[in-house]
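For the numbers below, each heavy atom of this structure counts, side chains included, while hydrogens, waters and symmetry mates do not.
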Amino acid sequence: QVQLVESGGGLVQAGGSLRLSCAASGRTFTSISMGWFRQAPGKEREFVAAIIVNGGIAIYADSVKARSTISRDNAKNTVYLQMNSLKPEDTAVYYCALNSRYSGVNYYTKSATYDYWGQGTQVTVSS
């Protein structure tokens, strides 16, 4: 089993920055990729960013690509999402997820790929 705990969310003004953290524990050696997803009220969960654990290749949604950086610290079993130039439309609950089953770029952006999820952290961007 794997446990994921997100932190770093909060209230920020438009144009500000936040760094989200996701601490993983348990059978983390099984991880192939880790991802960030978000869900705004009344909307479906959407992909934000993912990182391949071995190699560090990062993938981003177009909506955040120029403003975000996903990174990992394997020694700490922690993944980070740095988000800059935040916009009100970034307001959502952000979820960290771990994929231990599928390899391939076609999988990393899909929520169904991920078998472990954190509880989420709220990000609110005021205008």
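The environment of NZ in Lys110 is crowded: more than 12 heavy-atom neighbours from other residues, nucleotides or ligands sit within 6.0 Å. Around atom CZ of Arg101, more than 12 heavy atoms belonging to other residues, nucleotides or ligands sit under 6.0 Å away.
The ring pair (Phe, Tyr, Trp, His ring centres under 6.0 Å) pairs that include a residue from residues 51-98 number zero, where partners must be two or more places apart or lie in different chains.
Judged purely by distance below 3.5 Å, without hydrogens or angles, the side chains of Asp115 and Ser100 pair a donor atom with an acceptor atom. Between the side chains of Ser25 and Gln3, at least one donor-acceptor pair of N or O atoms lies under 3.5 Å. Side-chain contact of Thr91 with Glu89: a donor-acceptor pair under 3.5 Å is absent, judged by distance alone.
Asn99 places a side-chain N or O within donor-acceptor distance of the main-chain N or O of Tyr102, the cut-off being under 3.5 Å. One N or O on the side chain of Ser68 and one on the backbone of Val64 form a donor-acceptor pair closer than 3.5 Å. When atom types are taken as modelled, the side chain of Glu6 and the backbone of Gly120 share a donor-acceptor pair closer than 3.5 angstrom. In this structure, the side chain of Ser63 does not engage the main chain of Ala61 through any donor-acceptor pair within 3.5 Å. Checked by atom type and distance alone, the side chain of Arg38 never pairs as donor or acceptor with a backbone atom of Phe47 at under 3.5 Å. The backbone N or O of Arg67 sits nowhere less than 3.5 Å from a side-chain atom of Ser85 that would complete a donor-acceptor pair. Asp90 places no side-chain N or O within 3.5 Å of a backbone atom of Val125 that could act as its donor or acceptor partner. A donor-acceptor pair under 3.5 Å is formed between the side chain of Thr121 and the backbone N or O of Gly9.
Here the closest heavy-atom approach between residue Arg27 and residue Thr30 is recorded as O-OG1, 2.7 Å. Contact between Ser127 and Ala14 at its shortest, heavy atoms only, is CA-CB, 4.3 Å. Closest non-hydrogen pair, Thr28 versus Ala24, comes out as CG2-CB, 3.5 Å. The two residues Cys96 and Leu4 come nearest to each other via the heavy atoms O-CD1, 3.7 Å.
Using bins of under 30°, 30° to 60° and over 60° for the plane-to-plane angle, the ring pair Tyr114/Phe37 lands in the perpendicular bin.
Note: Cys22 SG to Ile70 CD1 = 9.0 Å, rounded to the nearest 0.5 Å. Within the model, atoms OG of Ser33 and CZ of Arg72 stand 12.0 Å from one another, a figure rounded to the nearest 0.5 Å.
Both Met83 and Met34 are assigned to one and the same hydrophobic cluster, defined by single-linkage of ILVMFWY side chains at heavy-atom distances under 4.5 Å. At a threshold of 4.5 Å between side-chain heavy atoms, the hydrophobic network of Ile, Leu, Val, Met, Phe, Trp and Tyr places Trp36 and Val12 in one connected group. Hydrophobic clustering, with ILVMFWY side chains joined whenever heavy atoms are under 4.5 angstrom apart, groups Val79 together with Leu18. Both Ile57 and Ile32 belong to a common hydrophobic cluster when Ile, Leu, Val, Met, Phe, Trp and Tyr are linked at side-chain heavy-atom distances under 4.5 angstrom.
For the pair Val48 and Leu81, the minimum side-chain heavy-atom distance is below 4.5 Å.
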Inset, instruction - Take Ser71 and Gln82 through the side-chain contact (heavy atoms from CB on, under 4.5 Å) test and state the conclusion after the steps. - result: CA-CA 8 Å; Ser71 61; Gln82 176 71 40; over 6 Å; no

